[in-house]
Amino acid sequence: MDFKLIGEDSKSKARAGEITTDHGKIETPIFMPVGTAGTVKAVHIRDIKEDTNAQIILGNTYHLYLRPGLDVLEPAGGLHKFNGWDRPILTDSGGYQVYSLSGTRKLTEEGVIFQSHIDGSRHSFTPERVMDIERTIGADIMMAFDECTPYPCDYDYAAKSLGITHSWLDRCIKRFNETECPYGHKQALFPIVQGSTFRDLRVKSAEYIASKNAEGNAIGGLSVGEPHDIMYEMTELVCNILPKDKPRYLMGVGTPANIIEGISQGVDMFDCVMPTRNGRNGMLFTSEGIINIKNKKWEKDFSPIDENGLSFVDSQYTRAYLRHLFAARETLGPMIASLHNLGFYLWLAKTARKHIIEGTFTEWKSMILPKLTHRL
RNA sequence: GUGAUUGUAGCUCAGUUGGCAGAGCACUGGAUUGUGGUUCCAGGGGUCGCGGGUUCAAGCCCCGUCUUUCACC
């Protein structure tokens, strides 16, 4: 993996760059659609590639390990071959899922013993095991196994958890260096900064992660319910410590406004379930504001979904028709809304990049921000 | 025609000994941040078939009437 900076904004920390992987280039800042179970829910691979122009998607170690399992993914030739996505893939390590999904779990210095949310079966994740699984999935970017602390989180727990995350990182790096991709392409390992909402823990973690000189670095443990200003404060703090010449990935963020703020603080990569999950539930992010397509006010609105949108669904379908699909619980409704939202998120990142390169990012940001939170 | 039976929110139905009219679904809003195609929160909505009567008080008891379904002539 390679990363080079293309341009920097003079009035903020925003920067434009380019990541090169064996599966192609990623122009940053970038939004990465989430494809937890090997699919970006309700959207065809063809539409993600050709309509939203996404350059990288996510997969999830926890979910893919449980289903379909490595005994399917390995003979399939890895996730790229399995789902037909030939551009870059990033796999989340499962640390977040062990925290958010698993009913009963036991966390020790060694690793985590958890129960499957599907059938209750017991499994064990250690840093070594997670590295092996991510090798078998074959993602271009593998995330280190961490513990995502909840919010709120008391200081003692956050400090103890951080120690575990750091020691797990060392074991991830060791295993990563001892193994290689079974399919022949290169894989990168990104460590994750934790430390909850405590400045000293975040600084300590960011310095530790920076010292590993990884090919890219991630900020985790945010967007878990804390106020936005705390999220921004922690992001800014950490970005000032993480190396400038490596991509920075803010995990799980966020709303369009969160992403613009993150970009201005020097974050290069984002992922979030919001465009797809909220899309499936009728919430649309458009160029003029946020729409709840289920609202009665759209019942007889025969205007296009988003007259400025670049996705084919934006002009193909009307708001009234999309509302009807949701009211009738037709499968096409969530499909249209998901594709539209992904198109909008990708447009947002691409347009931010253009303005960073042209030197007009700050002006554009102050123009676009009110529209991103406005409700139609 | 006779004997039973039914009628309460848009729908399906609870409603105790007579004591503030309820639920689920639907509808109207809101939430959702490294995804279990969800889930959660809030709100609006009633001439208790209709007309009388008893009672401090009736969805509930009494009388009449209409209505639903069933059985028998």
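Letters A, B, ... are given to chains in the order of the sequence lines, protein chains preceding strands, and every chain is numbered from 1.
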List for me each residue that meets side-chain contact (heavy atoms from CB on, under 4.5 Å) alongside A:His185, sequence neighbours excluded, and say none if there are none.
-> A:Asp22, A:His23, A:His80, A:Asp140, A:Cys181, A:Tyr183, A:Gln187
Residues that A:Lys11 engages under side-chain contact (heavy atoms from CB on, under 4.5 Å), provided they are two or more places apart | A:Asp9, A:Thr362, A:Glu363
Does anything in [range] come within less than 4.0 Å of RNA chain B? Heavy atoms only, and list the residues if so.
| range | result |
| --- | --- |
| residues 209-228 of chain A | A:Gly221, A:Ser223, A:His228 |
| residues 18-31 of chain A | none |
| residues 149-170 of chain A | none |
| residues 247-265 of chain A | A:Met251, A:Gly252, A:Val253, A:Gly254, A:Thr255, A:Asn258 |

Is A:Asp86 salt-bridged to A:Lys49, going by a charged N under 4.0 Å from an acidic O?
-> yes
Electrostatic pair A:Arg171-A:Glu128, nearest N-O below 4.0 angstrom | yes
Candidates A:Glu299, A:Lys294, A:Lys300 - the one meeting side-chain contact (heavy atoms from CB on, under 4.5 Å) with A:Lys296 | A:Glu299
How close or far is atom [atom2] of [N] from atom [atom1] of [X], stated in whole angstroms?
| X | N | atom1 | atom2 | value |
| --- | --- | --- | --- | --- |
| A:Phe190 | B:G34 | CZ | P | 18 Å |
| A:Ile290 | B:U33 | CD1 | P | 14 Å |
| A:Met32 | B:G34 | CE | P | 12 Å |
| A:Tyr62 | B:G36 | OH | C1' | 9 Å |
| A:Ile56 | B:G34 | CD1 | C1' | 13 Å |
| A:Ile118 | B:G37 | CD1 | P | 10 Å |
| A:Asn60 | B:U33 | CG | C1' | 15 Å |

Which value, in whole Å, describes the distance between the [atom1] atoms of nucleotides [N] and [M]?
| N | M | atom1 | value |
| --- | --- | --- | --- |
| B:U8 | B:A58 | C1' | 14 Å |
| B:G19 | B:C66 | C1' | 30 Å |
| B:G64 | B:U12 | P | 29 Å |
| B:A26 | B:U39 | P | 11 Å |
| B:G7 | B:U69 | C1' | 11 Å |
| B:G10 | B:C27 | C1' | 8 Å |
| B:A9 | B:G24 | P | 16 Å |
| B:C60 | B:G49 | P | 8 Å |

Rounded to the nearest 0.5 Å, what separates atom [atom1] in [X] from atom [atom2] in [Y]?
| X | Y | atom1 | atom2 | result |
| --- | --- | --- | --- | --- |
| A:Leu162 | A:Cys153 | CG | SG | 10.5 Å |
| A:Thr179 | A:Met131 | OG1 | CE | 8.5 Å |
| A:Leu372 | A:Ile290 | CG | CD1 | 8.0 Å |

Return each pair, listed once, that meets salt bridge (charged side-chain N to carboxylate O under 4.0 Å, His left out) where at least one residue sits in residues 185-208 of chain A; pairs must be two or more places apart or across chains.
-> A:Arg199-A:Glu233
Toward the 5' end of RNA chain B, which comes first, A:Thr331 or A:Tyr96, by nearest nucleotide?
-> A:Tyr96
When all nucleic acid strands are considered with a 4.0 Å heavy-atom cut-off, which category describes A:Ile192: base, sugar-phosphate, or nothing?
-> base
Heavy-atom side-chain contact between A:Thr28 and A:Ile19 under 4.5 Å | yes
Would you indicate whether the side-chain heavy atoms of A:Arg129 and A:Ser124 approach each other to under 4.5 Å?
-> no
Extract all donor-acceptor atom pairs below 3.5 Å that involve side chains of residues 242-251 of chain A and protein atoms in other chains or at least two apart in sequence.
residue  : atom : partner  : partner atom : Å
A:Lys244 : NZ   : A:Glu8   : OE1          : 3.0
A:Lys246 : NZ   : A:Asn213 : OD1          : 3.1
A:Lys246 : NZ   : A:Ala214 : O            : 3.3
A:Arg248 : NH1  : A:Gly266 : O            : 2.9
A:Arg248 : NH2  : A:Cys239 : O            : 3.3
A:Arg248 : NH2  : A:Leu242 : O            : 3.3
A:Tyr249 : OH   : A:Asp271 : OD1          : 2.6

Set out, line by line, the N/O atom pairs under 3.5 Å between protein and nucleotides 40-45 of chain B.
none

How are the rings of A:Phe198 and A:Tyr155 set to each other: parallel, tilted or perpendicular (split at 30° and 60°)?
-> perpendicular
When the ring planes of A:Tyr65 and A:Phe114 are compared, do they come out parallel, tilted or perpendicular, using 30° and 60° as the limits?
-> perpendicular
Where each pair must be Watson-Crick or G-U wobble with both distances under 3.5 Å, what dot-bracket representation of RNA chain B is obtained, with crossing pairs in [ ] and other-strand partners as |?
-> ((((..(..((((.....[..)))).(((((.......))))).....(((((..]....))))))..)))).
Counting only heavy atoms not in A:Lys350, do more than 12 fall under 6.0 Å of its NZ?
-> no
So does A:Glu307 have more than 12 non-hydrogen atoms from other groups sitting under 6.0 Å from CD?
-> no
Counting primed atoms, P, OP1 and OP2 as sugar-phosphate and everything else as base, the B/S/- map of nucleotides 24-32 of chain B against protein heavy atoms under 4.0 Å is --S-SSSSB
Does the separation of the ring centres of A:Tyr345 and A:Phe270 fall below 6.0 angstrom?
-> no
Treat each ILVMFWY residue as a node, draw an edge where side-chain heavy atoms are under 4.5 Å apart, and state whether A:Tyr151 and A:Val193 are in one component.
-> yes
According to a 4.5 Å side-chain heavy-atom criterion applied to Ile, Leu, Val, Met, Phe, Trp and Tyr, with indirect links allowed, do A:Phe125 and A:Leu70 form part of one hydrophobic cluster?
-> yes
Might you point out which heavy atoms bring A:Asp306 and A:Asp314 nearest each other, and give the distance in Å?
-> O-CB, 3.4 Å
Of all the heavy-atom pairs spanning A:Ile192 and A:Ser205, show the shortest one and how long it is.
-> O-OG, 4.5 Å
With A:Tyr321, which residues qualify under ring pair (Phe, Tyr, Trp, His ring centres under 6.0 Å), at least two apart?
-> A:Tyr317
